[in-house]
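Have a look at the structure below before the remarks.
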Amino acid sequence: MDVVILLGAPGAGKGTQAPLLADRLGIPVVATGDLFRAAVRDGTPLGLEARRFMDAGRLVPDDITVRLLLERLGRPDAADGVILDGFPRTGVQAKALDEALAERDSAVCAAVLVEVPEEELVRRMSGRWICRAAGHPYHEVSSPPRVPGICDLDGSELYQRTDDRPDTIRARLAQQLGSLDEVLEHYRGSGVLRDVDGLRPIMDVATAVADAVVAAGLAPRTGTTGGAAR
Ligand code: AMP
């Protein structure tokens with residue numbers, strides 16, 4: 001099982017880069033934020049528990065998060081490998097992932113950090129809007145919809161995630177940048193960490209991310225679609 005990890009602060013562009021990399025590698029993206037939002041939408045017990053933390057701009061506790069992620073990795077479409085977006089976010093999660101992979105005689109192939117300065121993160125996140133139907137992302141400044149408040153792709157209403165409002169953003173960043181450091185340390189220690197400049201245009205970042213993964217020894221699969229499953 002090939003596991004590639006995309007790392008970066010919230011707003012660094014991991015959610016944009018992950019599907020692009022999935023298309024190149026032919027393995028699906030697994031985004032814990034999406035898994036949590038689906039659980040909240042479905043009203044599952046795990047979703048109800050997670051929601052309290054998400055709405056407050058805090059990380060969901062490690063035990064809940066690891067359980068959710070490992071359940072997802074056990075599904076058939078993840079058998080060849082996955083690109084992880086938004087996981088791990090703490091040292092405890094990184095260790096739990098290493099242990100689960102070791103049980104399958106596997107390990108993380110590459111952890112790629114998309115680097116963006118903090119002031120740019122706040123600017124990006126406070127303008128982010130998402131469509132109700134499918135989560136298509138927009139930005140007030142860099143990628144506005146054709147009609148304000150309406151998704152170009154499916155016509156559904158756009159909304160701002162509770163945790164993307166400016167007051168929540170700073171609290172979220174302070175906590176999450178701290179625990180991102182733990183995760184970076186973890187992968188620096190195991191020698192799989194690479195970093196790319198996340199301020200460059202989207203397709204340049206995509207090329208740099210793909211180059212970093214190939215440099216880590218992972219070859220793209222042919223004849224698969226990847227990308228769609230989250
Ligand atoms: P994201 O879409 O990745 O920004 O995640 C949205 C929210 O889901 C985060 O602010 C956290 O509350 C929660 N979340 C997602 N991934 C994790 C994780 N690996 N550990 C803890 N909480 C997470």
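Counting convention: from 1, in listed order, for ligands and their atoms alike. The figures here come from the full heavy-atom set of this structure, side chains too, leaving out hydrogens, waters and symmetry mates.
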Gln17 side-chain N/O to Ile202 backbone N/O, donor-acceptor pair under 3.5 Å:
yes
Only one of Thr32, Leu7, Leu180 clears side chain to side chain contact (heavy atoms under 4.5 Å, CB included) with Arg89; which?
Thr32
With Glu157 via side chain to side chain donor-acceptor pair (under 3.5 Å) - residues at least two apart:
Arg132
For residues Asp42 and Thr44, is any side-chain donor paired with an opposing acceptor at under 3.5 Å?
no
Determine, step by step, whether Asp34 and Arg37 satisfy the salt bridge (charged side-chain N to carboxylate O under 4.0 Å, His left out) criterion, reporting the C-alpha distance in whole Å, the side-chain angles of both residues, the deciding distance to 0.1 Å, and the verdict.
CA-CA 5 Å; Asp34 287 347; Arg37 280 185 287 280; 2.9 Å; yes
Pocket residues of ligand 1, ordered first by chain and then by residue number (heavy-atom cut-off under 4.0 Å):
Thr32, Gly33, Phe36, Arg37, Met54, Arg58, Leu59, Val60, Thr65, Gly86, Phe87, Arg89, Gln93, Arg161, Asp163, Arg172, Gln176
For Gly155 and Ile150 the tightest heavy-atom approach is O-CG2, 3.6 Å
